[in-house]
Colleague: 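Below is a structure I'd like to ask you about.
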Amino acid sequence: MKGPIETQLFINNKLVPASDNATFELFSPHTGDLVAKVAEATLDDVNTAVDAAQAAFPAWSALSPQQRGAPLKKMGELVVSEKDELAQLDAIAMGRPVSTYIDSHYAATHFNYFAEAAYPQGHTSLNTPGFLNMSLRQPFGVVAIIIPWNAPLVFFSKKVAPAVAAGNCVVVKTSEKAPLTPWKVSQWIEKCGFPPGVINVLSGHGQVSGQALAEHMKIRALSFTGSTRTGRAIQIASAKSNLKKVVFELGGKSPALIFDDADIEQAAKETENSINWNSGQTCMANSRIYVQASIKDKFIEAFSKHARSRKLGDPTSKETNHGPQADKVQHETVKKYIVIGKQEAGSTIDTGAEANSDSKSLLVHPVIFTDVAEDSRIAKEEIFGPVVLINTFTTEEEAIQKANDTEFGLYAALYTKDLERAVRVGKKLESGMVGINCTSPTGCWDLPFGGWKGSGTGRESLLDSMDHYLEQKSLYVRVSGIGGL
Ligand code: NAD
């Protein structure tokens with residue numbers, strides 16, 4: 001790389017600096033080098049982007065679904081043909097190993113699906129004699145989209161594609177920790193054929209630009225993926241401004257239950273991958289594992305073997321499958337929880353040595369805590385790092401009670417060969433998604449993705465997402481002589 005990348009905002013189909021020329025610096029979490037100077041959007045920039053989106057809305061929403069779909073299709077092609085560059089950008093920004101980069105495929109699926117499938121429909125009713133009644137589904141106008149850093153292109157595509165396919169115009173705010181892939185994608189928006197103002201992309205922090213979007217009076221809907229703490233702040237900002245509709249995909253503290261008749265090797269391999277994939281920075285990672293007491297030692301041995309075989313290192317190398325934590329803040333947070341865990345847990349299994357003190361890389365070896373008090377901080381709080389607790393249970397009731405004893409409810413998993421138990425327990429778990437003999441990130445394209453309790457209010461999928469971006473209207477049409485059915 002020649003020197004730091006300099007990024008811009010993308011407003012009204014133009015790459016522009018922040019209105020006050022402010023930038024912030026982004027450092028590689030592996031080398032510590034300055035990799036980018038990123039434009040920091042101001043309040044003026046937010047207002048300009050919202051005005052551009054509002055001006056674009058009448059013409060964009062008046063197009064046919066095929067016309068709105070054509071540029072989405074082109075974007076679907078570009079995110080795949082440029083996948084190596086996108087993978088490199090996330091690797092240098094937030095340490096995601098290029099060997100784990102599935103985001104282009106994920107994004108292309110969303111751009112392609114919504115390019116073809118955006119035919120919003122209401123329904124009709126003859127159930128009121130003298131009337132032909134109908135409901136209409138119409139776009140909101142300007143929609144704000146705020147995304148996190150752990151898989152930026154995934155969240156960009158799963159929200160932007162359905163929102164614009166439904167006829168809305170959007171202002172996206174990217175994460176300060178991983179702004180480079182959305183910035184790269186913003187450079188393709190005009191060449192794909194989107195008219196000015198349909199997709200605007202801002203980089204910046206929660207303060208000022210995120211908060212400004214949440215409070216904006218011209219924004220009528222906001223889709224957010226990120227922490228439960230920020231979701232709460234956005235909910236309050238929405239309530240204090242114009243009660244915009246908010247859709248939330250939030251944090252997790254997901255349980256996995258391993259019964260004594262399970263395939264222990266499969267359960268150990270998959271639960272280890274779930275918690276340590278993306279260096280533990282996954283919302284649905286099974287960070288709490290409950291093993292039936294009789295198989296505890298066998299399970300922990302198999303789990304530890306997989307954790308020890310992780311290839312930590314340079315995220316731009318194809319050999320690495322475990323990169324550094326995203327930035328110094330994440331690194332400090334994870335290290336802090338490891339210190340707390342060592343005080344709280346009955347025992348600790350470190351799966352590797354601490355990094356040399358002269359290493360600039362923010363790598364953290366996976367850590368396993370066992371015999372942890374259920375009310376301890378590491379059992380209750382989302383750590384967002386390669387840190388798992390493995391506790392035991394004896395009865396099915398105890399397993400369910402421990403799994404549900406949390407304010408989160410994103411993804412729960414259970415492993416057993418007893419199908420009746422699987423269904424019985426699966427039904428009782430307080431969670432938006434339940435894996436039976438599989439765990440996160442296993443999912444599917446066409447069933448609702450989202451959480452119960454503090455893990456969110458939204459359900460996203462190819463089939464569900466467009467609903468978030470459409471208002472409903474009932475139209476009562478008196479028709480003389482029409483009678484009833
Ligand atoms: P975060 O909440 O710190 O930040 C998310 C986004 O919100 C960023 O763009 C940030 O700049 C912005 N933001 C911060 N303060 C804001 C404010 N007051 N108003 C408006 N915007 C604001 O989360 P993060 O650290 O980027 O991501 C990690 C979190 O996201 C974890 O809790 C994880 O579980 C969650 N997550 C959830 C899902 C899901 O689908 N449920 C997926 C990925 C990540």
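In listed order, ligands and their atoms are each counted from 1. Because only heavy atoms are used, hydrogens play no part in the values below, and waters and symmetry mates are left out as well, while side chains stay in.
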Colleague: For atom 35 (C) of ligand 1, what is the closest protein heavy atom, and at what distance to 0.1 Å?
Modeller: G226 O, 3.2 Å

Colleague: If you count the atoms of ligand 1 from 1 in the order shown, which ones are under 4.0 Å from a heavy atom of G206?
Modeller: 11 (O), 13 (N), 14 (C), 15 (N), 16 (C), 22 (C)

Colleague: Going by the atom numbers of ligand 1, which of them fall below 4.0 Å from some non-hydrogen atom of L410?
Modeller: 41 (N)

Colleague: So does S227 get a backbone contact from the side chain of T230, meaning a donor-acceptor N/O pair under 3.5 Å?
Modeller: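 Flag not set: sc T230 to bb S227 has no pair under 3.5 Å.
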
Colleague: If you measure every N/O of A233 against every N/O of ligand 1, is any gap under 3.5 Å?
Modeller: no

Colleague: Does any N/O atom on E382 come nearer than 3.5 Å to any N/O atom on ligand 1?
Modeller: yes

Colleague: Backbone or side chain, does any N or O of L250 fall under 3.5 Å from an N or O of ligand 1?
Modeller: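 In this structure, L250 places an N or O atom under 3.5 Å from an N or O of ligand 1.
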
Colleague: Within a reach of under 6.0 Å around NZ of K328, are more than 12 heavy atoms found that belong to other residues, nucleotides or ligands?
Modeller: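 No, because the 6.0 Å sphere around NZ of K328 holds 12 heavy atoms or fewer from other groups.
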
Colleague: State the atoms of ligand 1, each with its element, that fall below the 4.0 Å cut-off from a heavy-atom position in I147.
Modeller: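 Listed by number with element: 6 (C), 8 (C), 9 (O).
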
Colleague: With a cut-off of 4.0 Å, which atoms of ligand 1 are near a heavy atom of F449?
Modeller: 40 (O)

Colleague: Regarding ligand 1, does H205 bring an N or O atom to under 3.5 Å of one of the ligand's N or O atoms?
Modeller: no

Colleague: Tell me, which protein residue and heavy-atom name are nearest atom 7 (O) of ligand 1, and how many Å apart are they?
Modeller: F224 CE1, 3.3 Å

Colleague: How far is atom 43 (C) of ligand 1 from its nearest protein heavy atom, and which residue and atom name does that atom have?
Modeller: F155 CZ, 3.3 Å

Colleague: Establish, for the pair K158 and F449, whether the NZ or CZ atom is under 6.0 angstrom from the six-membered ring centre and no further than 45 degrees off its axis.
Modeller: yes

Colleague: What about S227: any of its N or O atoms under 3.5 Å from an N or O on ligand 1?
Modeller: yes

Colleague: So for atom NZ, which belongs to K184, do other residues, nucleotides or ligands contribute more than 12 heavy atoms lying within a distance under 6.0 Å?
Modeller: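 Enclosed.
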
Colleague: Would you mind telling me if ligand 1 is within reach of the side chain of P148, the backbone, both or neither, using heavy atoms under 4.0 Å?
Modeller: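 Both backbone and side chain of P148 come within 4.0 Å of ligand 1.
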
Colleague: Under 4.0 Å between a side-chain nitrogen and a carboxylate oxygen: does that hold for E272 and R310?
Modeller: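 Looking at E272 and R310, the cut-off is met.
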
Colleague: For Y106 and W445, take the angle between the two ring planes, folded into 0 to 90°, and tell me which bin it lands in: parallel under 30, tilted 30 to 60, perpendicular over 60.
Modeller: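 Aromatic pair Y106/W445 classed tilted.
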
Colleague: Where the closest heavy atom to atom 39 (C) of ligand 1 is concerned, which of G210, P179, C283 has it?
Modeller: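 Residue with the shortest heavy-atom distance to the ligand atom: C283.
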
Colleague: Salt-bridge test for K253 and E407: reply yes if a basic N is under 4.0 Å from a carboxylate O, no otherwise.
Modeller: no

Colleague: For R459, is there an ion pair with D467 - N to carboxylate O distance below 4.0 angstrom?
Modeller: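 Salt bridge absent between D467 and R459.
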
Colleague: Charged N to carboxylate O below 4.0 Å: is that the case for K427 and E430?
Modeller: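 Between E430 and K427 there is no salt bridge, as every charged N stays at least 4.0 Å from the carboxylate O atoms.
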
Colleague: With respect to W149, determine whether any N or O atom, backbone or side chain, lies less than 3.5 Å from an N or O atom of ligand 1.
Modeller: yes

Colleague: Does a salt bridge link D103 with R96, judged by any charged N lying under 4.0 Å from a carboxylate O?
Modeller: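 Here D103 pairs with R96 in a salt bridge, since their nearest N and O are under 4.0 Å apart.
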
Colleague: Give a yes-or-no answer on whether the side chains of Y469 and S223 include a donor-acceptor pair shorter than 3.5 Å.
Modeller: yes

Colleague: Which residue supplies the protein heavy atom nearest to atom 18 (N) of ligand 1, what is that atom called, and how far is it?
Modeller: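 Ranked first by proximity to atom 18 (N) of ligand 1 is Q211 OE1, 3.4 Å.
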
Colleague: Could you tell me, atom by atom, which parts of ligand 1 come under 4.0 Å of a heavy atom of F384?
Modeller: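 Near F384, meaning under 4.0 Å from one of its heavy atoms, ligand 1 has 28 (C), 31 (C), 33 (C), 34 (O).
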
Colleague: Checking a contact table here: which protein heavy atom is nearest atom 12 (C) of ligand 1, and how many Å away?
Modeller: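 I find the closest protein heavy atom is I146 CG2, 3.7 Å.
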
Colleague: Over 60° means perpendicular and under 30° means parallel, so classify the ring planes of W149 and F384, tilted if in between.
Modeller: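 The arrangement is perpendicular - the two ring planes meet at more than 60°.
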
Colleague: Can you find an N/O atom of T230 closer than 3.5 Å to an N/O atom of ligand 1?
Modeller: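 Among all N and O atoms of T230, at least one is under 3.5 Å from an N or O of ligand 1.
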
Colleague: Is F248 near ligand 1, meaning one of its heavy atoms is under 4.0 Å from it?
Modeller: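 No, that is not the case, since the closest heavy atom of the residue is not under 4.0 Å from the ligand.
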
Colleague: E176 to ligand 1: N or O pair under 3.5 Å?
Modeller: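 Among all N and O atoms of E176, at least one is under 3.5 Å from an N or O of ligand 1.
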
Colleague: Ignoring hydrogens and geometry, is there a side-chain-to-backbone donor-acceptor pair from S274 to S440 under 3.5 Å?
Modeller: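 Indeed, once roles are kept as given, a pair shorter than 3.5 Å links the two residues.
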
Colleague: What part of T174, side chain, backbone, both or neither, has a heavy atom within less than 4.0 angstrom of ligand 1?
Modeller: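 The answer is the backbone.
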
